[in-house]
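Convention: sequence-line order gives letters A, B, ...; per-chain numbering from 1.
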Amino acid sequence: MGPGGRWFESSRPDHFFSLTQNPPSLFDPMAEAEAKQRKTLEERAQMSDLERLRHSTAHVLATAIAKLWPDAQFAYGPPTEQGFYYDVDLEHRITPEDFPAIEAEMKKVVKENQSFERLVVSRDEALTMAKSGRLAALGERETPSTFKIDLLEEIPEDEEISIYKNGDFWDLCAGPHVPRTGNCKAFKVMSVASAFYKGDANNPQLQRVYGTAFKNKTELEEHLDRLEQAKERDHRKLGKELDLFHIDEAVGQGLILWMPNGAVVRQELQTFISEELAKQGYSQVFTPHIGKLDLYRTSGHFPYYQDSQYPPLVEREQLRLLADEGCSCGELSNRLSSGDIDGFLLKPMNCPHHIKIFASRPRSYRDLPVRLAEFGTVYRWEQSGELNGMTRVRGFTQDDAHLFCTEDQVADEIMGCLSLVKTIFNTLGMEDYRVRVGLRDPDSDKFAGDPEKWDKAGAALRDAAEKLGAPFTEEPGEAAFYGPKIDFVVKDVIGREWQLGTVQVDYVLPERFDLSYIGPDNKPHRPVMIHRAPFGSMERFVGVLIEHFAGKFPTWLAPEQVRILPISEKFLDFATEVETELKSAGVRVTTDASSDKIGAKIRLAQIDKIPYMLVIGAREAESKEVSIRHRDRGDAGSCGVVAFRERLVEEIRSRSL
RNA sequence: GCUCUUGUAGCUCAGGGGUAGAGCACUUCCUUGGUAAGGAAGAGGUCACGGGUUCAAAUCCCGUCAAGAGCUCCA
């Protein structure tokens, strides 16, 4: 898994079928996308007050845009978690410079306090309006309301068709709305971006104008403040300020350079995981960053996921021969795909290597489960527009492991994996995550292998999730094609969801690699594989963790745990004594020997978010004590050096928050 | 990958057709101070890169690269 989280895509049936050679199903991604867009009337009726307000404000926004640019063609305009948006097709490119004008028009509409009137019409009447450009507009137009015509066709036959009017603005809309535009008094146009019509990259791109709205000005201000504060904990900003990581153009997009400070955090986390792995009976392994193409032909990765891999590496001699033959790039690509030419691939996943370790010698049922773990670095060619700081990158290290077990062991092994994830999340104080159980879609044959096994594994995953005690959602159709899975999903500071840990049951790879173990009956049996990564990837996890702690890492993770601040140079000797004492106990400590005044030294240490500052002056040098200042708790009194060291070491050892 | 926006000193940013600005950081000197900024001086930039327009381009235009937001994608 990795940035994407899933080992295999679950919604691209073409890949699935080629991989498993099952007959094509009736699964239609287009229909599914539409279903996601269209809320049922029932769902709409359940709209919360805030959603209703926001949806109404979206109409106010559309009214304003229609006034400023009468040729605007509107598509969808729903409420969202953060506010609302309205998709519009418009010759004029809306930029942030237009926002004041749009907001001014919106204010006029609000001031006029127009009522939202619901009008039930027949399909024909609605169609006539749409054809005369009257829908999502202030009056009839020369061009029809194209998107609304399209939307009309999607409304089921038996469903009522309603038009909402506010002033002269009429829009095809199921509602519901607030009574009057005067209710929409606290709003703000936030941003504009593009979006594909109906979320399909083959459809035209529309301009999506985002806004937000609240009951009153105070709540709006609070929301805007929260957004400002969130920016302050953005891992990209903190990563730079705290020297945690760097991305350099000369190295490449999406390739993380861990700075010494970031490396400390990562190393501490890896040590932590390694300790837990040892407790749970894992064996750690190391495998190279590349493997032969044939390996990935067997696994299926190379043939079916070329688009998201770095291009293969081909031997120099081989390339020379091909050049002499006048082989074109296209031919080379074809011959690589066909297996006519071999080469190497930067590994997109660790499983094939681990499988080869498992398969390197005969296995008895007595050996199972075999649990192979590795901080394995993988490379994926993510689309440039997807890259994002540390959370979506092109090279990343998974805290990966593959468990090979018998059918009967699956449930226990899943429990083990989940308890590991839980231990990790608890230790880090991460409570704000959601658990997603991805199951097979019972109405689809979009899965590989025996349905009974799937359901058994699915049940095991559900049981495990229940025992975990965290709220979880079951999402049929969200399984990987090769097996059901559990994902742990968290949000970043701007509300985007990222998948971290995952536990996935796999029936396909053991098959493809023809894995077996000898059972008690002295016959070969097929093991089941479990892929799991509690962090997902070190890059993404640390990115999320930076935001989780707002850069204030708990002492055990902090790159610099203690900074000694002598009042003046006269006390450098004692400072060095203290530094040596702490260093000998393995504490990451430095001394600020600059000629700054103490206030400035404290300020710098605070900005660097160092957990403990030790102020040392005449009093301390005299009594052989240190004055402790904690970055959050402030002045914490003074104590002897040894006492401080003991307390600190215990805090670090116990990984306290 | 697509749409829009952005790219000026290590960092944060101002400026803008006529040979480059601030604050912080950095270096040196003075200061030796008790819980979030002591003072002075100095050094530092091919204004992302490549073309074009112009007497003249950091500034305008085109392209490339990169970043941000959103969409699409995420084995």
**Q.** Identified pairing partner of B:rC73, criterion: Watson-Crick or G-U wobble below 3.5 Å
**A.** none
Q) Taking the side chain of A:Y210 as heavy atoms from C-beta outward, which of B:rU35, B:rA36, B:rC71 is closest to it? A) B:rC71
Q: May I ask you to say whether A:E154 pairs ionically with A:K198, meaning some side-chain N is under 4.0 Å from a carboxylate O?
A: yes
Q) A:M390 has an atom CE; how far is it from atom C1' of B:rA67, in whole Å? A) 17 Å
Q | Given B:rA69, B:rC71, B:rU35, the nucleotide with the shortest approach to the side chain of A:A193 | A | B:rA69
Q: Tell me the partner of B:rC24, counting only Watson-Crick (N1-N3 plus N6-O4 or O6-N4) or G-U wobble (N1-O2 and O6-N3) with both under 3.5 Å; none if nothing fits.
A: B:rG10
Q | Base paired to B:rC4 (Watson-Crick or G-U; both N/O distances under 3.5 angstrom) | A | B:rG68
Q: Please work out if A:A618 contacts a base, only the sugar-phosphate, or nothing of the nucleic acid, heavy-atom cut-off 4.0 Å.
A: base
Q: With P as the reference atom in both, quote the distance from B:rC29 to B:rG15 in angstrom, rounded to an integer.
A: 38 Å
Q. Within this structure, what is the CZ-to-P distance between A:R603 and B:rG34, rounded to whole angstrom?
A. 19 Å
(Q) Between B:rA9 and B:rG70, how many Å separate the two C1' atoms, rounded to a whole number? (A) 32 Å
Q: Could you tell me whether A:I494 contacts a base, only the sugar-phosphate backbone, or nothing, with contacts defined as non-hydrogen atoms closer than 4.0 Å?
A: sugar-phosphate
Q.
Quick check on the 6.0 Å ring-centre criterion: do A:F147 and A:Y197 meet it?
A. yes
**Q.** Atom-to-atom span, CZ of A:R392 to C1' of B:rA66 - whole angstrom
**A.** 18 Å
(Q) Checking side-chain polar atoms at under 3.5 Å, does A:S337 have a donor or acceptor matched by the opposite partner on A:Q306? (A) yes
Q.
Base, sugar-phosphate or nothing for A:Q306? Non-hydrogen atoms, less than 4.0 Å.
A. nothing
Q.
Please tell me if A:Q253 has a side-chain N or O lying less than 4.0 Å from either OP1 or OP2 of B:rC65.
A. no
**Q.** Gap in Å between the two P atoms, one belonging to B:rA48 and one to B:rA58, rounded
**A.** 10 Å
(Q) Please give the distance between the C1' atoms of B:rU28 and B:rA67 as a whole number of Å. (A) 37 Å
Q: Can you tell me the pairing partner of B:rG34 across any strand shown, Watson-Crick or G-U wobble, with both distances under 3.5 angstrom?
A: none
Q. Ring centroid separation for A:W258 and A:F245, is it under 6.0 angstrom?
A. no
Q) Hey, is the side chain of A:Q205 pairing donor to acceptor with the base of B:rG1 inside 3.5 Å? A) no
Q: Please confirm whether any donor atom in the side chain of A:S191 sits under 3.5 Å from an acceptor in the base of B:rG70, or the reverse.
A: no
Q: Sticking with atom C1', work out how far B:rA37 lies from B:rG45, rounded to a whole angstrom.
A: 27 Å
Q: Using atom CD of A:Q383 as one end and atom C1' of B:rU3 as the other, report the distance to the nearest whole Å.
A: 14 Å
Q | Rounded distance (nearest 0.5 Å) linking atom SG of A:C351 with atom CZ of A:F358 | A | 14.5 Å
Q.
Please classify the nucleic acid contact of A:Q309 as base, sugar-phosphate, or nothing, using heavy-atom distances under 4.0 Å.
A. base
Q: Take A:R619 and A:L387, find for each the nucleotide of RNA chain B with the closest heavy atom, and name the residue whose nucleotide sits nearer the 5' end.
A: A:R619
Q.
Between A:Y86 and A:Y76 (judged by ring centroids, cut-off 6.0 Å), do the two rings come close enough to count as a pair?
A. no
Q.
On RNA chain B, compare the nucleotides closest to A:L206 and A:S594; which residue's is nearer the 5' end?
A. A:L206
Q. B:rG23 and B:rG63: how far apart are their P atoms, nearest whole angstrom?
A. 38 Å
(Q) Just N and O in the side chain of A:R236: are any of them under 4.0 Å from OP1 or OP2 of B:rG68? (A) yes
Q: Look at all strands and tell whether A:G599 reaches a base, only sugar-phosphate, or nothing, counting heavy atoms closer than 4.0 Å.
A: sugar-phosphate
Q: Could you check how far CG of A:N388 sits from C1' of B:rG70, rounded to whole Å?
A: 12 Å
Q: Take the protein atom CG of A:D635 and the nucleotide atom C1' of B:rA36, then report the distance between them rounded to whole Å.
A: 13 Å
Q) Do the charged groups of A:R93 and A:D98 touch, with an N to O distance under 4.0 Å? A) no
Q.
Check this for me: does the side-chain of A:E249 come within 3.5 Å of the base of B:rC65 through a donor and an acceptor?
A. no
(Q) Taking any heavy-atom pair under 4.0 Å as a contact, classify A:V192: base, sugar-phosphate, or nothing. (A) nothing
Q. Which part of the nucleic acid does A:K601 contact within heavy-atom distance under 4.0 Å: base, sugar-phosphate only, or nothing?
A. nothing
Q: Could you tell me whether the side chain of A:R380 has a donor or acceptor atom within less than 3.5 Å of a complementary atom in the base of B:rC73?
A: no
Q. OP1 or OP2 of B:rC2 sitting under 4.0 Å from any side-chain N/O of A:S194?
A. no
Q) For the residue pair A:F302 and A:Y296, is the inter-centroid distance of their aromatic rings smaller than 6.0 Å? A) no
Q.
Looking only at the side chain of A:S595 (C-beta and beyond, no hydrogens), which of the listed nucleotides B:rG1, B:rC30, B:rG34 gets closest?
A. B:rC30
Q.
In whole Å, measure the gap between the P atoms of B:rU27 and B:rG44 for me.
A. 15 Å
Q: Assign A:R631 to base, sugar-phosphate, or nothing according to its heavy-atom contacts below 4.0 angstrom with the strands shown.
A: nothing
Q. Any idea which of B:rA36, B:rA69, B:rC2 is nearest the A:R496 side chain?
A. B:rA69
Q. Below 6.0 angstrom between ring centroids: does that apply to A:H55 and A:F84?
A. no
Q. Between the base of B:rU72 and the side chain of A:E386, is there any donor-acceptor pair under 3.5 Å?
A. yes
Q: Write down the partner of B:rG50 under the Watson-Crick or G-U wobble criteria, each distance required to be under 3.5 Å.
A: B:rC62
Q | Shortest side-chain distance from A:I602, nucleotide among B:rC11, B:rA36, B:rG38 | A | B:rA36
Q: Specify the separation, in whole Å, of atom CG of A:D234 and atom P of B:rA69.
A: 7 Å
Q) Between A:I567 (CD1) and B:rU31 (P), how many Å, whole number? A) 19 Å
Q. So which nucleotide does B:rC29 pair with, by the Watson-Crick or G-U wobble rule with both distances under 3.5 Å?
A. B:rG39
Q.
What contact category does A:I598 fall into here, base, sugar-phosphate, or nothing, at under 4.0 angstrom with non-hydrogen atoms?
A. sugar-phosphate
Q) For A:K597, which contact category applies under a 4.0 Å heavy-atom criterion: base, sugar-phosphate, or nothing? A) base
Q: Using a strict 4.0 Å threshold on nitrogen-to-oxygen distance, state whether A:E620 and A:K624 make a salt bridge.
A: no
Q: In whole angstrom, give me the gap between the P atoms of B:rU72 and B:rA66.
A: 23 Å
